[in-house]
Amino acid sequence: MASFRNRLEESRTGTPLLMVVPGSGLIAKCAVESEADALMVLNAGIYRSMGSGTLAAFMPYGNANDQTLDLLKEQMLPRSGDLPIIAGVFGVDPTRPIRDRLRELQDLGVIGVVNWPAIGFIDGKFRKHLEKEGLGTEVEAEMLAVARELGFVTFGFSLSVEEVQRFVATGVDGLILDVGLTRSSDDFRAKRDDVHRAISELNKLSAAADTRPECVRVAFGGPITAPTELSEVFRHSSIHGFAGGSVFERLPVQDIVNTTLRRFKGVASSARAGGAKTFGGMVGHSPAMRQVFDIINRVGHQDVTVCVEGETGTGKELVAAMLHRLSSRANHPLVTLNCGAIPSSLLESELFGHERGAFTGAERQRPGKFELAHGGVLFLDEIADLSPHGQVALLRVLQQNEVVRVGGDTTIPVDVRIVTASNRPLSAMVDAGDFRADLYYRLSTITIRLPALRERLEDIPLLVEAFLANLRMQLNRPIAGISSRFEKKLRQHAWPGNVRELEHVLNRCAILEDGTHLEGWSFEPQPHLRSSADASDLPLPSKQEQAERALQDADGNVTRAAAALNVTRKTFYRWLDRGKAEPPSSS
């Protein structure tokens with residue numbers, strides 16, 4: 001019990017909590033093997049393991065407390081080892097006093113309780129009838145208060161701000177913040193929008209618990225079905241952990257569960273690594289990075305536009321995420337759009353949204369990025385690639401603070417803070433006539449320049465350790481560090497791909513080598529093209545120059561060159577053509 005309470009405290013200040021909601025003993029066994037932090041045993045797991053959905057737990061198939069008890073005794077406890085168990089308890093039980101139910105769980109070794117099945121899943125007339133019969137949030141809160149009195153760790157399963165506030169007043173140790181049933185989608189853009197909405201909902205629910213900052217907040221369900229989505233949630237919200245059930249139960253069960261859990265655990269371990277030399281996921285202690293951190297701290301709470309400039313792979317998105325987290329808009333969405341990846345013909349739809357039937361393929365109404373970011377921050381990545389037409393459209397909405405969806409006629413007010421990123425100095429583009437001066441002045445109240453990795457070589461050991469911490473979990477092997485010879489080679493490299501390239505080098509070496517210390521046998525440094533002292537005085541290479549250099553390094557292979565720059569072949573060809581006059585139809 002004491003060790004789990006300590007783990008809860010760690011989740012608020014360091015490594016987030018990862019709990020698994022198993023539907024069978026096999027899933028529980030995999031959770032133990034994959035080093036999850038706890039099991040949350042709910043009767044919903046029984047129905048999932050039978051192929052039904054979680055909502056079957058609310059049907060009158062039997063006593064929910066009896067079902068959870070049977071699941072505990074028959075499948076969970078024999079396979080849970082020393083893993084802490086949180087059990088679902090329904091607040092009203094016609095067969096036994098709740099206090100007796102709780103004492104029975106305590107005798108079995110259960111250390112925590114959560115209100116389940118949670119009445120919050122039910123609404124409308126049925127909800128009113130249930131509350132009239134004494135089945136509501138008040139009863140759930142009373143049950144949790146009794147459990148707390150008996151010494152349990154208590155979690156309030158919450159689906160609304162009102163429920164969060166009621167459970168917080170009860171003094172629960174944590175909140176399980178539900179963002180909907182676990183769901184996946186083959187539509188990338190729809191899935192991305194779902195994740196943004198989930199983050200917005202989590203921030204709203206989490207903000208309702210700000211009166212008790214020591215209360216741990218754990219995300220549950222929704223569109224979080226991959227480690228990359230979990231990583232985005234951690235970056236853009238203030239939650240302290242994640243609990244999942246069906247996301248870990250896809251077949252073939254054992255291999256996929258073990259692999260998926262280790263990857264989720266790796267994200268949770270690295271998402272908020274503490275220490276004086278890390279800041280919002282950025283790592284560094286060099287003078288250049290300390291200056292960047294200082295500017296972010298100064299600017300974060302100011303509601304001004306910020307332009308983040310730096311070469312590809314320097315971490316511009318991390319700066320945007322930290323500016324959002326420090327701002328008064330932190331409980332609202334951070335929405336990202338890569339301007340270089342959107343065709344000019346679709347740009348207005350992406351920014352402003354569209355109505356159903358507005359154009360071929362518009363099969364449903366879709367809000368644009370400005371609507372999704374309302375009240376929060378819109379991060380426009382690769383702003384230098386925005387076409388002249390796109391620049392005009394963006395300037396118009398910044399002047400008017402309102403949008404009209406493509407195919408619509410309703411004016412929609414928007415309140416958005418703009419953060420942009422560019423791998424070329426926008427001021428130089430304005431001087432060259434490639435970027436509108438009036439838009440530039442609206443976007444760059446403050447400019448933050450991120451140093452290239454070659455300008456802060458002293459940070460390489462810190463970056464290496466941060467990446468290795470993640471690799472240890474992903475690969476499930478003890479990587480103690482790198483050899484002095486390997487570190488020397490890393491310091492000799494020019495790092496055209498910056499921090500992202502360093503991460504790829506370490507990933508490749510960790511996969512190809514077997515020892516506890518990486519030797520970097522497969523890595524050969526390319527010498528610096530210029531000294532770091534001169535680097536800051538020279539302009540960043542243009543898109544065309546980068547593309548031509550990458551193509552030369554790849555012996556003319558376009559696929560390899562595009563991969564080296566981390567762009568698509570289509571974007572790569574566009575970069576190559578930057579020196580040519582573009583036809584009006586492609587602007």
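The chain is numbered in sequence order, starting from 1.
In terms of heavy-atom proximity, Phe370 sits nearest to Val416 at O-CG2, 3.6 Å. Scanning both residues, Ala198 and Val179, for their nearest heavy atoms gives O-CG1, 3.8 Å. For Ile46 against Leu71, the heavy-atom pair with the smallest separation is CG1-CD2, 3.9 Å. Contact between Pro84 and Ile111 at its shortest, heavy atoms only, is CB-CD1, 3.5 Å. Between Ala510 and Leu471, the shortest heavy-atom contact is CB-CD1, 4.0 Å. When all heavy atoms of Leu105 and Ala87 are compared, the closest pair comes out as CD1-CB, 4.2 Å.
No donor-acceptor pair closer than 3.5 Å links the side chain of Arg217 to the backbone N or O of Ile239. When atom types are taken as modelled, the side chain of Glu163 and the backbone of Leu159 share a donor-acceptor pair closer than 3.5 angstrom. Checking side-chain atoms of Arg212 against main-chain N and O of Val172 turns up a donor-acceptor pair under 3.5 Å. For the pair Asn331 (side chain) and Ala207 (backbone), a donor-acceptor distance under 3.5 Å is absent. A donor-acceptor pair under 3.5 Å links the side-chain atoms of Glu140 to the main chain of Ile119, judged by distance alone. Checked by atom type and distance alone, the side chain of Asp415 never pairs as donor or acceptor with a backbone atom of His374 at under 3.5 Å. A distance-only check finds a donor-acceptor pair linking the side chain of Gln75 to the backbone of Gly25 [under 3.5 Å]. In terms of modelled atom types and a separation under 3.5 Å, the side chain of Ser11 and the main chain of Glu9 share no donor-acceptor contact. Distance alone, capped at 3.5 Å, places no donor-acceptor pair between the Asp37 side chain and the Val20 backbone. Side-chain N or O atoms of Arg103 include none that pairs as donor or acceptor with a backbone N or O of Ile98 at under 3.5 Å.
Using cut-offs of 30° and 60° for the angle between ring planes, the Phe293 and Phe279 rings count as tilted. Note on ring orientation: taking the six-membered ring where Trp is involved, the planes of Trp116 and Phe121 are perpendicular (angle over 60°, cut-offs 30° and 60°).
Residue Leu72 holds its CG atom at 12.5 Å from CD of Gln67, rounded to the nearest 0.5 Å. For the atom pair CZ of Phe379 and NZ of Lys316, the computed distance is 7.5 Å after rounding to the nearest 0.5 Å. Here the straight-line distance linking atom CG of Asn470 with atom CG of Asn507 works out to 8.0 Å at 0.5 Å rounding. Between Leu334 atom CG and Leu372 atom CG the span is 11.5 Å, to the nearest 0.5 Å. Rounding to the nearest 0.5 Å places OG of Ser238 at 11.5 Å from CD1 of Ile199. Between Leu378 atom CG and Ile418 atom CD1 the span is 4.5 Å, to the nearest 0.5 Å.
Judged as a side-chain contact (heavy atoms from CB on, under 4.5 Å), and not counting sequence neighbours, the contacts of Gln165 are Val161, Ala208. Residues satisfying the side-chain contact (heavy atoms from CB on, under 4.5 Å) criterion with Leu8, sequence neighbours excluded, are Phe4, Leu17, Val153, Phe155, Asp173, Val216. Contacts of Glu501 classified as salt bridge (charged side-chain N to carboxylate O under 4.0 Å, His left out), with partners at least two apart in sequence or in another chain: none.
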Check your understanding: What's the verdict on side-chain contact (heavy atoms from CB on, under 4.5 Å) for Asn115 and Val89, showing C-alpha distance, side-chain angles and the deciding distance?
Key -> CA-CA 5 Å; Asn115 53 301; Val89 176; over 6 Å; no
**Study point:** Stepwise side-chain contact (heavy atoms from CB on, under 4.5 Å) check, Val195 with Ile224
**Key:** CA-CA 7 Å; Val195 172; Ile224 308 169; 5.9 Å; no
Practice item. For ring-ring contact (aromatic ring centres under 6.0 Å, His included), just list the numbers for Phe157 and Phe220, CA-CA rounded to whole Å, side-chain angles, deciding distance to a tenth of an Å, and then say yes or no. Key: CA-CA 9 Å; Phe157 198 102; Phe220 184 92; 5.1 Å; yes
Review point. Run the side-chain contact (heavy atoms from CB on, under 4.5 Å) check on Ile27 and Leu39 step by step: do they pass?
Key: CA-CA 10 Å; Ile27 303 301; Leu39 298 179; over 6 Å; no
Practice item. List the steps and the verdict of side-chain contact (heavy atoms from CB on, under 4.5 Å) for Glu142 and Val146. Key: CA-CA 6 Å; Glu142 291 169 7; Val146 173; 5.7 Å; no
Review point. Run the salt bridge (charged side-chain N to carboxylate O under 4.0 Å, His left out) check on Asp66 and Arg101 step by step: do they pass?
Key: CA-CA 9 Å; Asp66 282 340; Arg101 283 280 187 188; 2.6 Å; yes
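A salt bridge does not link Glu74 with Arg79: none of the charged nitrogens is closer than 4.0 Å to a carboxylate oxygen. Note on Glu33 versus Lys29: salt bridge recorded, some NZ/NE/NH1/NH2 to OD/OE distance being below 4.0 Å. Taking 4.0 Å as the cut-off between side-chain N and carboxylate O, Glu149 and Arg99 count as a salt-bridged pair. Look at Arg96 and Asp93 and you find no salt bridge, because none of the NZ, NE, NH1 or NH2 atoms lies under 4.0 Å from a carboxylate O. The existence of a salt bridge linking Arg500 and Glu503 is excluded, since no basic side-chain nitrogen approaches an acidic carboxylate oxygen closer than 4.0 Å. With respect to the salt-bridge test (charged N to carboxylate O, under 4.0 angstrom), the residues Arg472 and Glu465 qualify.
Put simply, the side chain of Arg417 does not reach to within 4.5 Å of the side chain of His324, judged on heavy atoms. Annotation: side chain of Leu175 is in contact with side chain of Cys215 (closest heavy-atom distance under 4.5 Å). With a 4.5 Å cut-off on side-chain heavy atoms, Val164 and Leu177 count as touching. No side-chain heavy atom of Thr170 sits under 4.5 Å from any side-chain heavy atom of Arg148. Looking only at side-chain heavy atoms (C-beta outward), Val499 and Phe467 come within less than 4.5 Å of each other. Between Asn65 and Thr95 there is no side-chain heavy-atom pair separated by less than 4.5 Å. Within the 4.5 Å cutoff, the side chain of Thr15 has no heavy atoms near those of the Glu10 side chain. No side-chain heavy atom of Ser200 sits less than 4.5 Å from a side-chain heavy atom of His332.
Side-chain polar atoms of Arg7 and Ser3 form no donor-acceptor pair below 3.5 angstrom. Remark: the Arg166 side chain and the Thr137 side chain contain no N/O donor-acceptor pair separated by less than 3.5 Å. Side-chain polar atoms of His301 and Ser327 form no donor-acceptor pair below 3.5 angstrom.
Of the residues listed (Glu229, Glu232, Glu350), the one engaging Arg192 in a salt bridge (charged side-chain N to carboxylate O under 4.0 Å, His left out) is Glu350, and it is the only one. Tested against Met282 for a side chain to side chain contact (heavy atoms under 4.5 Å, CB included), the candidates Leu463, Val319, Thr314 yield a single pass: Val319.
Surrounding CG of Asp82 are at most 12 heavy atoms belonging to other residues, nucleotides or ligands under 6.0 Å away. In this structure, Arg356 places its CZ atom where only 12 or fewer heavy-atom neighbours from other residues, nucleotides or ligands lie under 6.0 Å away. Atom CD of Glu214 has more than 12 heavy atoms from other residues, nucleotides or ligands within 6.0 Å.
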